[in-house]
Amino acid sequence: MASVEQRTPADTNGGSAATIGVENPATGELITTVPMLGADELKRMAAHAREAFPQWEAIGLPGRARIMRRAQKWMLDNADRVLDVVVSETGKTYEDAQLTDLGYTVSALGFWAKEASRYLADERVPSWRNPVLAGKKLVIRYAPLGVVGVIGPWNYPIVNSFGDCIPAMMAGNCVILKPSEVTPLSSLLMAEMMRECGLPEHVFSVATGDGATGAALIGEVDCVMFTGSTRTGKAVMKAAADTLIPCYLELGGKDPMIVCADANLERAANAAAFYSMNNGGQVCISVERCYVEAPVYDEFVRQVADTVRSLRQGVPTAAGTVDVGAVIFPPQLEIVDGHVRDAVEKGAKVLTGGHPGSGPGRYFEPTVLVDVDHSMKCMREETFGPTLPIMRIADAEEGVRLANDSSYGLQASVWTADVERGEQLARRIEAGVVCVNDAQVNYLALNLPMGGWKASGLGARHGAGGIRKYTKVQSLLVTRLGLKRELFMFPYNKRSTMLLAQMLKLLYGRGSRD
Ligand code: NAD
């Protein structure tokens with residue numbers, strides 16, 4: 001976890017004498033300290049980024065793509081080092097880091113290097129829809145914003161931080177990344193990588209620090225991309241309103257899983273265990289609550305509990321040593337423990353787990369809860385830990401109603417052999433992404449938008465919108481051959497007015513309608 005080692009009076013004036021200690025949550029050991037940047041340093045960083053911007057924009061998409069492809073190779077060549085850094089500052093397993101922080105990022109570097117030119121290409125739009133525009137050239141163009149601020153969380157310190165910087169840079173922006181104070185080392189490693197891959201100075205900078213550093217960053221940039229809790233997201237949006245900059249929010253979730261009686265039960269049970277416990281359950285798109293149709297409920301619960309009971313938890317010393325890693329810091333451990341205790345007090349039963357694990361690192365036992373209902377925190381608030389509450393439902397209709405009984409709307413999943421019906425149910429769930437017979441892997445589909453509804457966010461990452469959001473749209477209208485005087489110009493006269501009226505009738509007045 002991060003701890004502020006020292007603060008001096010100079011810090012209140014924007015100095016960086018204060019440092020943050022970075023701990024390994026799996027062992028509780030201090031790894032190192034990083035500076036806590038203040039407002040003045042953020043100002044300087046932003047000024048440098050603004051100076052670097054014209055040159056970075058001028059390099060063009062092919063030049064930018066070349067650097068991203070070099071970074072892709074660098075990451076693979078240095079995979080062990082990348083994994084070591086991520087594992088040490090998060091306490092997650094090697095496998096969790098490999099699939100996402102490494103696997104996602106190498107894929108994303110290649111994806112944006114290739115697709116940015118398609119998504120950002122000038123678009124010609126037709127001019128024949130209105131006679132006044134006939135023969136004119138209409139073009140939509142995507143221009144970079146300037147300096148983009150990215151603020152990230154701790155659970156995927158590369159994916160949800162540097163991952164968003166890739167499209168922002170490919171769009172021609174300079175980027176300042178403010179990583180979580182708990183996990184800044186992965187972002188510093190990404191900065192080292194980009195330097196070694198030939199990125200011009202100040203195009204990508206990392207501003208280590210806490211919430212105050214993040215707040216200071218918002219005042220210096222032309223756009224903010226924030227990933228984190230809904231509570232902080234609201235503060236970020238308010239701050240963005242002060243300088244009227246675009247603000248994109250990827251926030252918390254309480255993802256429901258609905259299991260129909262005809263589902264492939266073994267696959268659904270394995271998925272429930274995996275997608276609720278991977279990354280220690282600290283995934284914004286974790287399965288956080290499960291609803292199972294009555295006829296298969298007992299068998300499903302038995303299979304999930306057996307799998308979860310067999311999971312190995314502890315210090316990830318090497319690949320394959322443990323299944324479930326640590327909980328990031330004490331406040332998170334308190335939330336997870338609080339949700340389990342609240343559920344038990346209100347009548348839930350713990351089938352396996354249910355307690356914090358033994359130290360010196362921070363752990364919570366992989367936990368399965370049954371006899372749960374919507375009066376309990378574990379069914380309504382984001383838990384973000386290795387717990388899975390499972391609830392019996394009469395039918396999928398009840399599942400949809402309960403799934404939508406939430407302030408969140410990040411993701412959801414429906415499990416059934418009848419995929420047509422699954423898709424129909426999916427369309428009725430209020431969430432930005434709904435999977436049928438799957439979960440979480442949609443995040444790896446970089447051409448598929450991923451963003452939350454309701455209190456889970458604003459905007460989306462991935463797909464065309466995932467890069468165009470880092471641009472200003474400019475529309476161009478070019479008249480090559482123009483009349484000396486357009487028909488509608490001064491002086492007004494009856495003949496041209498009648499002519500225009502006839503043209504409007506001819507163009508828009510034909511055909512029958514209700
Ligand atoms: P958090 O909101 O506590 O912090 C996120 C970041 O915001 C950190 O870098 C923090 O220093 C910074 N910050 C804090 N106060 C700030 C302020 N006033 N102004 C600007 N920045 C400020 O979140 P967290 O605990 O680091 O991350 C966990 C949360 O992130 C969970 O709710 C999880 O669901 C969410 N998350 C969402 C997604 C998604 O894609 N929707 C992905 C990963 C995590």
Side-chain angles (χ1 to χ4, degrees), residues 1-2 4 20 25 34 36-37 39 42 89-90 92 100-101 104 149-164 176-184 186-187 206-221 224-243 245 247-255 279-288 327-336 381-385 407-411 431-433 440 442-443 449-462 466:
M1 98 172 265
V4 178
I20 308 172
V34 297
M36 169 95 80
L37 299 196
L42 263 296
E89 68 176 350
T90 59
K92 65 171 76 179
T100 53
D101 289 293
Y104 169 89
V150 175
I151 301 175
W154 45 260
N155 60 328
Y156 285 106
I158 299 185
V159 175
N160 295 138
S161 295
F162 182 71
D164 290 313
I176 301 175
L177 167 62
K178 207 302 276 176
S180 166
E181 54 272 46
V182 190
T183 55
S186 310
S187 294
V206 176
T208 52
D210 61 5
T213 311
L217 173 65
I218 298 169
E220 301 296 336
V221 291
V224 59
M225 166 69 212
F226 172 82
T227 306
S229 63
T230 298
R231 187 177 47 81
T232 312
K234 288 179 183 174
V236 167
M237 193 165 174
K238 280 184 193 150
D242 280 346
T243 46
I245 55 167
C247 162
Y248 306 106
L249 306 172
E250 300 286 349
L251 310 177
K254 189 74 196 168
D255 294 5
N279 214 54
Q282 302 160 119
V283 187
C284 54
I285 49 177
S286 265
V287 170
E288 283 247 338
V327 173
I328 193 80
F329 55 6
Q332 196 57 42
L333 203 53
E334 276 163 32
I335 293 171
V336 180
E381 295 174 20
E382 187 180 48
T383 308
F384 226 58
S407 57
Y408 291 111
L410 193 57
Q411 292 211 174
V433 177
Q440 284 188 20
N442 58 284
Y443 202 100
M450 185 272 164
W453 290 5
K454 303 202 277 191
S456 290
L458 271 183
R461 47 167 69 98
H462 301 162

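These values consider heavy atoms only, across backbone and side chains, with no hydrogens, waters or symmetry-generated copies. Counting starts at 1 for both ligands and their atoms, following the listed order.
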Should the proximity of Arg461 to ligand 1, defined as any heavy atom under 4.0 Å, be assigned to the side chain, the backbone, both, or neither? side chain

Sub-4.0 Å heavy-atom contact, Gly233 with ligand 1: no

What distance separates Gln332 CD from Thr383 OG1, expressed to the nearest 0.5 Å? 9.0 Å

Atom 32 (O) of ligand 1: which protein heavy atom is closest, and how many Å away? Glu382 OE1, 2.7 Å

Can you find an N/O atom of Asn160 closer than 3.5 Å to an N/O atom of ligand 1? no

From atom 33 (C) of ligand 1, work out which of Phe226, Phe384, Tyr408 has a heavy atom at the shortest distance. Phe384

Quick check for you: to the nearest 0.5 Å, what is the distance between Leu333 atom CG and Ile328 atom CD1? 11.5 Å

Considering only protein heavy atoms, which is closest to atom 26 (O) of ligand 1, and at what distance to one decimal place? Trp154 CD1, 3.0 Å

Given Tyr156, which partner from the list Thr227, Thr100, Thr90, Thr183 fulfils the side chain to side chain contact (heavy atoms under 4.5 Å, CB included) test? Thr100

Does Phe329 reach ligand 1 with a nitrogen or oxygen that is under 3.5 Å from one of the ligand's nitrogen or oxygen atoms? no

Using a strict 4.0 Å cut-off to heavy atoms of Pro179, name the atoms of ligand 1 that fall inside it. 9 (O)

In short, Asp164 meets Val150 closest at the heavy-atom pair CB-CG1, 4.1 Å

Specify side chain, backbone, both or neither for Thr230, according to which of its non-hydrogen atoms lie closer than 4.0 Å to ligand 1. neither

If we number the atoms of ligand 1 from 1 as shown, the ones under 4.0 Å from a heavy atom of Asp210 are 11 (O)

At a 4.0 Å threshold, what atoms of ligand 1 neighbour a non-hydrogen atom of Ser180? 9 (O)

Counterpart residues, salt bridge (Lys or Arg N to Asp or Glu O under 4.0 Å), relative to Glu220 (two or more places apart): Lys43

Polar-atom distance check: Thr227 versus ligand 1, any N or O pair below 3.5 Å? no

Please write down residue, atom name and distance for the protein heavy atom closest to atom 22 (C) of ligand 1. Thr232 CG2, 3.5 Å

Atom 41 (N) of ligand 1 sits nearest the protein heavy atom Leu251 O, 2.7 Å

Atom indices of ligand 1 within 4.0 angstrom of Gly152 heavy atoms, with elements: 5 (C), 6 (C), 8 (C), 9 (O)

In ligand 1, the atoms that come under 4.0 Å of a heavy atom of Glu250 are 37 (C), 38 (C), 39 (C), 40 (O), 41 (N)

In ligand 1, the atoms that come under 4.0 Å of a heavy atom of Asn155 are 43 (C), 44 (C)

Please name the pair of heavy atoms, one in Asp255 and one in Ile285, separated by the smallest distance, quoted to 0.1 Å. OD2-CA, 3.1 Å

Within this structure, what is the OG1-CD1 distance for the pair Thr213 and Ile151, rounded to the nearest 0.5 Å? 9.5 Å

By number and element, which atoms of ligand 1 are closer than 4.0 Å to a non-hydrogen atom of Ile151? 6 (C), 7 (O), 9 (O), 12 (C), 20 (C), 21 (N)

If we count only N and O atoms by modelled type, under 3.5 Å, do the side chains of Glu250 and Asn160 hold a donor and an acceptor together? no

Quick one: nearest non-hydrogen protein atom to atom 35 (C) of ligand 1, plus distance? Gly228 O, 3.2 Å

Give the residue and atom name of whichever protein heavy atom lies nearest to atom 17 (C) of ligand 1, and the separation in Å to one decimal. Gly211 O, 3.6 Å

Which option wins on minimum heavy-atom distance to atom 23 (O) of ligand 1: Ser456, Ser229, Gly214? Ser229

Tyr156: heavy atom below 4.0 Å from ligand 1, yes or no? no

Could you pull out all residues at least two apart from Ser180 that satisfy side-chain hydrogen bond (donor to acceptor under 3.5 Å, both in side chains)? none

Which class fits the ring pair Phe384 and Trp154: parallel under 30°, tilted 30 to 60°, perpendicular over 60°? perpendicular

Between the candidates Cys284, Pro153, Gly149, Ser187, which shows the shortest non-hydrogen contact distance to atom 27 (O) of ligand 1? Pro153

Applying side chain to side chain donor-acceptor pair (under 3.5 Å) to Ser161 and Lys178, what does each step give before you reach the verdict? CA-CA 8 Å; Ser161 295; Lys178 207 302 276 176; over 6 Å; no

Identify, by atom number and element, the atoms of ligand 1 in contact range of Ala215, meaning under 4.0 Å from any of its heavy atoms. 19 (N), 20 (C)

Closest protein heavy atom (residue, atom, distance) for atom 10 (C) of ligand 1: Glu181 OE1, 3.5 Å

Glu288 versus Lys254, closest heavy-atom pair with distance: OE1-NZ, 2.7 Å

